[in-house]
Engineer: 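The structure is given below, and queries will be raised subsequently.
We name chains A, B, ... by the order of the sequence lines, and we start the count at 1 in each one. What you see is a predicted model; the values in this text were computed from it and never measured.
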Amino acid sequence: MTSLFLINILLAITWAAITGSFSEINLLFGFVLGFGGLYLIREQAGTVAYFSRFGKAIGLALVFVRELILSAWRVARIVTRPKIDLEPGIIAYPLTVDRDFEITMLANLITLTPGTLSVDVSEDRKTLYVHCIDVPDPQATIDDIKNVFERKILEVFR
Amino acid sequence: METGVVILIGLFFSVAVYLMLSKQLVRMLLGIAILGNAVNLLIFTNGRLMREVPPLIPSDLYTPLVKIANPLPQALVLTAIVISFSFFAFLLVLAFRAYQELGADDVNQMRIAEPEHDQTPPQGY
Amino acid sequence: MAGSSVSVDYSVAMATAPVAVADWLIVAPSLITILGGALCLMLRKNTDLQPKLGIGFLALLVLANFGLLIRVLDHGVITMVMGSWLPPFGIAFTVDALSATLSLIGSIIALCAGFYATVSVDSSGRRYGFYPFLLLLMTGVCGAFLTGDIFNLYVWFEVLLIASYGLLILGNDRIQLDGAVKYGVLNLIGTNLFLIATGLLYGILGTLNMADIAVKVAALENPASGTLATVAALYFLAFAMKAAAFPVNFWLPASYHTPNVVVSAVFAGLLTKVGVYALIRVFVMLLPSSRGYMADVIALVAIATLLTGALGALAQSEVRRILGYLVIAGIGSMLAGVAVGSTLALSGAIFYAVHSMIVMTALYMACGIMKLLGGSYNLRELGGLYQRSAVFAAVFLILGFAVSGLPPFSGFWPKIMLVDAAFSDGRSWLAAAILFSGFLTTLAMGRVWIYAFWRGGPEGTPDGQAVAVAGPKSASLNGAAVWLPLGVLTALIVYFGLQPEWMLQLSTRGASGVVEPLGYLRSVFGDQ
Amino acid sequence: MRTIIFRTIAPYLSALMVLFSVFVLLRGHNEPGGGFIGGLIAASALAIFGIACGVASVRRAIVFHPMSISAFGLFIGALAGIPSFFLGQAFMTSQWLTFYLGEVEVALSTPLVFDIGVYLVVVGSISSIALALEEREAD
Amino acid sequence: MSPFEMFASDFLDWAVTFSLGILSVSFFMIVYRIFKGPSLPDRVVALDMLVTVGIGFIAAIGVNTGYYLYIDIAITLGLVGFLATVAFARFVLNRGLAGDETIMEEVEESIARREAGQ
Amino acid sequence: MTPVVIDDTSLLAVLAPFAAAVVAPILTRWLKHNAAWVLAIVPALIFLHFAGFIEAVSQGQTFVAAKAWAPSYGVNFSVYIDGLSTLFALLISGIGTFIILYAGGYLKGHPQQGRFFSFLFLFMGAMLGLVLGNNLISLFIFWELTSVTSFLLIGFDHLRAASRRAALQALVVTGGGGLLLLAAFILIISATGEIEMSTLLASPNLIKDSGLYLPIFLLVLGGAFTKSAQFPFHFWLPNAMEAPTPVSAFLHSATMVKAGVYLLMRMHPMLGDTVLWTTILPLFGGVTLLVGTLLAIRQTDLKLMLAYTTVASLGLLVMLTGTSHEKALEGAVLYLLAHSLFKGALFMVAGTIDHEAGTRDVTKLGGLRSAMPVTFVAACLAGLSMAGLPPFIGFIAKEVLYYGTWGWPDYGILITVVAVVGNALMLVIAAAVAIKPFFGPKVETPKHAHEGPVLLFAGPIVLSLTGLGLALIAHTTGVLFVGPTLSSIVGQFTQVDVHLWPTKINMPLILSLITIGSGIFLFTQLDRLRGIMAGVLTAIGWGPDKGFDQFVAGIVHISSRVTRFIQGGSMHVYMVVTFVFVGLIVLVPGYLTSSWPAMPKLPDYRFYEWGILAIAVLGLIAVLVSKTRLTAIVSLGIQGFAVALIFMMFGAPDLSFTQFMVETLSVVILALVMTRLNLLPQDHRSTGSAIFTGLIAIAVGLGLSLTLLAITQQPFDSRLSDFFTEYSRAIAHGRNIVNVILVDFRGFDTLGEIAVVALAGLCVLALIRVKTRPDKLEDSTPKTHSAEAS
Amino acid sequence: MIAVVEIITGVMLVAGALFAFVASLGLLRLKDVYMRMHAASKAGTLGSGVMLLALAVYALDLAVATRAIAGVVFFLLTAPIAAHLLAKAAYAAGYRPCADTKKDALEEVFRPKS
Ligand code: NA
Ligand code: NA
């Protein structure tokens, strides 16, 4: 429940930020609204426990912004080549993380980072299928992901 | 200012009508959607056009200093958009159900209310 | 900073004079129906409570409209400006004899339908909103009759249109879906034309308030200028579609026989008449000169409509479809009034509108009873109803003669007024068409009568013999629910036939109100 | 659509969107926005929620039937015009009640109530449509 | 007004014009993709992209006119754009699984292309 | 002499039958057939009431009574009492009395006897209102009422197709004619400004001077000829014999059929004595007379024979009225009186024979003399009067009318010949009907014939005796009835001297003798005559009666053809027609008033604004050319997106906001719906229809563009928006003017709008949730199935 | 100060626009839908995000800035999900990746060779 409360605070702050007035009345109102918002998703809110690691999430976010810029740059380089010859492929990435939220984060990060795009997660949640825009060596890509993102995610959420 | 938009509106109407004159219910609906836009643009243009200045009053004034876009047509169009959207949604689902039950997308094959071979009226007394 | 902190002269922007409580009657119909509709919609799943609620609100509506009419007769034209914003800026509801009369009759019809529906609409129909639809349909109808703002009129048109969709598809029978597609698309086109015309009119005059429009159009040095002419023509087409006039009447015969019979009854009573009302209001009051130079066209349309309707009625073997065409024929008569445009003609049209509203509704209800008694809507399968119920037979005969315009029933008076007006306007052909259409209608209804009532049984019954009628006397025939509404409407028809004076005065007053809209303008702008 | 990734994020997205919709609604009187747009945003939120987590969970979430919400909106929308009756003013004449909590000015007004009515109607109807259609999908 | 400030404002004007320019170009490229397809997913991606570019466009106009309120429109556009993409994804999925011929043609085509080794 | 205004008793007298109609069923349920005795009091009292006027009327005095009915349309419920109307009122109420009695006996034990009584009374009331009516409109109302009630009476035996046909025939013919009469009356009113018969009669030349004489005359004829069964409208009358005998007696003796003649006589001062009148009326009357008698000859059914002679008599009356010759008119009046009496009596006799003997076929009857003595007497008296033999009123009538025809300067000889032939043949029928069944050897009849009850023979005997009595007091009859009636017909006070026995041998007497002689001869040849006529008719093979069926069938056929053409059931056609008219409407007025816009100059859009417009265009094209509807939907998104950008470009953030949302949601809903639709990908139009529809589309677009352009080139009155801008914040406390307009300035629009949204939601719910029943096409009875839970 | 802001804004606008352009180019040039998604979901998102932030910077207004950031976060959350859903749907529906695609691990999941 504490986590719920936490995220509610978070929503209240978001509200205040959006409306641009941090007066207590507005925060209070934001809290009420946030409560309303959470009420809608009370069933799914089991996952909110992870928000307790809010701090580390910031760090992760930074990494991920950097990666995003890189990947965008890479796309730019690819598409501006006079002749595009790539070896795309869909690889099966064996997941270590097993919680919905972790999987989700990982999948999103992968999508937003260079040359990879999560297509699907296997029913047993053991495998993440990733489309790579250019995979001369699939294993290299897999390791790359393992060492950069999955590790980060694990240390953020465990 | 208006000319370009006016011509565009004409095009909108033409396309809308052309689509509505299709025998295919779905294309008719696309036509109706476009017709809605055409009408909205028409009302909007009737209030005369001016570039960019929205009808908002700055937070430190009671009446705007600069000339603003005509707000009334905007309000009317807003109402019209909402209404045409509601009707569009309804007709869409209606078409869907009609297709389900009558098994036809070609409106000329929808002949249950007015059967092809209609009974002739009774004679005699 | 709050607006209150500056000093503005409210009196230049808002009506500051206190509003008499009785003037809230102007908005009462809209309020009652919206609140009632919303309430019924909230309690949608309580199918037992719904009819009680619905009928209650409809009864309130009738009372309100009655009060409104009284008020109008006492005080002349009355206006309420919504939000107190001075006309032409805010939306004004301006009620004259014409609006009040039609609004009252319409609400009476709705109430009757509400009663009738307790039998003919099942729990599924109630669950999926019969009463909300009916109430909000009335919001649209009354709003359309009472409003004094052209765009607002458009909004009410849409309200009653969407409500009518809901009623039309209630039950989702295949035939209904088919009818609804045609009804839906064609009517949507009609209202879009209305909207286009209104947009253009705003572009020309820069105003939406009807009284203001009337003033500005009158002020134009050339009221027949091209753009205005186009606008007028567009309005005519839009309202003609709404009114199901030839040659844009397709939607009506394609759909009116498809829904639950009580829905047909409501439609027949209300929908097309709103179109006619709008035609009168806009053409006679707002764009008189346009009406002037379009008179011949309108007359032509009227004649064509009269004949289409009457011939169509003769061509059917399904009673509800016959009635659908009779609705159209009636519209022809009203258009004739608009074509001539004199006070006499218009009062004839108004009287006829009232008559047609009542009689068509009653006929469809009778049709429903026919089905309950005889087990079919088809003339080939009907028969022997005369033995089945002499009272019902009498009622149907009265309705049949009334719709044919035979004396001494309500249809007779407007008919002679219209013929008279047509003759004095030198439009003998129009007069002839009215009479001939009446003749064909007599023939059509006579045929219905001899087949469904006098003949001993369905087609093929041996001559001189009576066979047991198909439909077993349905339980739903017991109790007042079906008979009371039909009785009330028939009584009105006979009353207006035997005692036409009141309606005559009312319609004359309504007509002169639109021909000479001075009272209307005064009521909106005050004495200037 | 049964995919963990979507199902995990959707609720939060929806919650954020609902929040945003209320924001858009409340500031509509002074900035672009208002009941209708707010309502549409909220409806979209519910639609996303429904597509991701199934209609049933949405229905449970909003407790009332969407059409009842819509009806309620219509109801208060009409009611909002009535207070002026008691002041001898015309229907829908706006009434303003401005008071201060701390330094924050809170203005309650009949137009606001009306706009909230609009919001509810739109949320109710549109989500009702979306959910009904989505349900067909599911079955 | 210092030369630097003048340069700054000129630069901004140029930047706005430039960005609006290339965004317009992008628009056309996207529209072309929508025309061309070849497959529905391609078109949906393009539509999604159209929304994205639209957001940028709105931002640029916001800078150009100084109406920051356009940012809300941009955000909303983002929201509903996402909804649209989701809906289309769903559409593609169901149609594909339902074996709708209009989609299957496209699928065959994509397979054919694959076989053809393009 | 100006009419004397009298109290409302006469009005009540007219209304009395309607009251009786209401009580009749109750009374009958209570007293069975004996109710007739009580009910007959009503017409008897009416008779006495109007008898009270005879004295004064014979002095040339006239009376009016009036009650305002629909004053704002100048309609009164009023009566005008003069010679003509008095005579008719007396006939109607007098004969009516005995008809009621007769009906009591004739329908004894019939389950619907009560209803029958009320029909009779309704009819009687309508007739009285008609003949006494002073106000044209109220006169017409009663005129149509007679058609309506006769419809009910003729169709009384409704299980038989023949009755239904006859009833419809009567309704169509007489009702249709009524509409012509209505037109005539309305023309009269608008031409003369007068609505009361009395005032019109006061200045009879109003119509002739109005310039509308011809149409009015023809329309009046239309009404009168249909009602009075003049050739070629005579056919409905014999068919009306399907009605029970009392009805026939009433309809065909005194009343309904004579309404036309009444009208002609009533309008004679206003319309008569013109070339048109004196040509057309005698022509049609004469033809009708001959046709009627000849057709009567070939009948064997007593009632039909009488019916056709009624047609003939009406022809004779019209012919005489047509002469506008005073003596002939006097003959007409006498003949009218005589005919009412003997025809009423004979019908009842025929009915009695039918009732007692079980057949009406004259060839199967004979020797009833002894079985039914009283009826026999009545039959003889009436028959002799019909035959025109002394000392009966029929004889006097014949004398006078011969005198009149012979003396008529115009076509005197011609119509005299016609009259002689007609009368001779009528004598034949009289003999056949009144004499033949009673004389000769007794023929065995289906029922064992014996004298009927008093209810049955009271009528015939009284009426036929009256015929005798009036003849015996010929002079008084002339003074009291003929004179006053003639006065009203010719339009000024006239006195006549009627006597039973001719004073000297003169032309009329000779003509009578010829008539009688030839009549008796023909009677001996009756069977051969019948054979010849039958042959002739089968040779002709067609008659207006068959014509009626063809008319009805034809009009129904035409209507169904027309309707199928107009309402073909093809949605596509409906759309095309609709948009053709839209196209015309947006182009034609502009063309007629040649108000095209000035040539516009290219707007100064920035390149990216052009870009937006271009995208819109591309989107539209994409929708048009899209091969599959999926592409179409996506392309729909493009144009909507572009529209939103256009709104933003012209300073409408709220609009573009909304447009973005709505477009997306439209696309979403489209996608959700489409998921389950398997539709034809292509929009296959033939090149021809593509061009045609394309032209329509272009016309609409072009017309609207031009109009819009012309409008936007005019100066704009922005005072509404200025007002909103002025007070949006100052009074309405809102800085977003658009939103303030939506929730405050024009909040009522928005209220309606959300009503629409709510309803749309409900509609869709109903559409999706309510399951369509297997294939039950229409049903208004409560549906048993229930919908899915929601 | 204003000048600096203007410079930054300008730069961000240009950068964002370029990214968006690149994304569109990718949409145009890349071979199959899956590869095009790469372009859209990365460069596109970044481009619009940056331009949104540019507006925020230019506004110099906390409310606007926070809203911009909220918006960007939202995009970053939604873009990959949109791509994922679409890719999954496309693949499930049977759209094959282009011929160059050497390895296809999903092949046996959706179309197992039996
Ligand atoms: Na739209
Ligand atoms: Na109607």
Side-chain angles (χ1 to χ4, degrees), chain C residues 1-5 10 13-46 78-87 90-93 127-129 131-133 135-136 139 143 146-147 152 159 162 166, chain D residues 29-30 36 59 62-101 103-118 120-122 124-126 128-129 132 136:
Chain C
M1 45 206 261
S4 50
S5 64
Y10 281 67
M14 305 179 87
T16 43
V19 175
V21 173
D23 279 349
W24 271 69
L25 283 170
I26 297 171
V27 77
S30 313
L31 266 179
I32 292 169
T33 46
I34 292 183
L35 291 175
L39 210 58
C40 285
L41 190 47
M42 277 188 266
L43 306 168
R44 185 164 76 78
K45 289 173 186 166
N46 185 339
I78 48 177
T79 297
M80 178 185 252
V81 286
M82 304 306 160
S84 306
W85 299 108
L86 286 177
I91 292 174
F93 262 38
R127 184 190 192 90
Y128 287 99
Y131 283 99
F133 280 135
L135 279 160
L136 288 165
T139 315
L146 303 182
T147 190
N152 194 243
V159 171
I162 190 83
Chain D
H29 213 53
N30 294 319
F36 185 71
R59 290 204 186 279
I62 57 178
V63 182
F64 302 101
H65 190 285
M67 276 323 294
S68 308
I69 296 176
S70 171
F72 180 70
L74 186 56
F75 194 75
I76 66 171
L79 281 185
I82 294 180
S84 49
F85 173 80
F86 304 98
L87 301 156
Q89 296 167 316
F91 179 63
M92 276 196 130
T93 307
S94 60
Q95 309 300 332
W96 288 77
L97 176 62
T98 322
F99 57 89
Y100 291 83
L101 286 169
E103 80 284 9
V104 181
E105 170 195 312
V106 179
L108 297 180
S109 65
T110 48
L112 180 65
V113 177
F114 182 72
D115 221 6
I116 293 172
V118 175
L120 292 176
V121 168
V122 174
S125 296
I126 306 297
S128 163
I129 294 175
R136 287 202 84 80

Engineer: Can you list the residues that meet the side-chain hydrogen bond (donor to acceptor under 3.5 Å, both in side chains) rule with D:T93, with sequence neighbours excluded?
Structural biologist: C:S84

Engineer: So how far is it from D:M92 CE to C:M80 CE, rounded to the nearest 0.5 Å?
Structural biologist: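 D:M92 atom CE to C:M80 atom CE measures 12.0 Å (nearest 0.5 Å).
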
Engineer: If we define contacts as heavy-atom pairs under 4.5 Å, which of C:C40, C:G83, C:A15, C:A38 has the most with chain D?
Structural biologist: C:G83

Engineer: Counting only non-hydrogen atoms closer than 4.5 Å, does C:M42 touch chain D with its backbone (N, CA, C, O), its side chain (CB onward), both, or neither?
Structural biologist: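 Contact with chain D involves both backbone and side-chain atoms of C:M42.
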
Engineer: Between C:W24 and D:I82, which heavy-atom pair has the shortest distance, and what is it?
Structural biologist: CH2-O, 3.9 Å

Engineer: Is any side-chain heavy atom of C:L41 less than 4.5 Å from a side-chain heavy atom of D:F72?
Structural biologist: no

Engineer: Report the C-alpha distance between C:V19 and D:F85 in whole Å, list the side-chain angles of each, state the deciding distance to 0.1 Å, and finish with yes or no for side-chain contact (heavy atoms from CB on, under 4.5 Å).
Structural biologist: CA-CA 8 Å; C:V19 175; D:F85 173 80; over 6 Å; no

Engineer: Do D:Q89 and C:M14 have side chains that get closer than 4.5 Å, going by heavy atoms?
Structural biologist: no

Engineer: Could you list which of residues 27-37 of chain C have a heavy atom closer than 4.5 Å to any heavy atom of chain D, in residue-number order?
Structural biologist: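 Within residues 27-37 of chain C, near chain D: C:V27, C:L31, C:I34, C:L35.
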
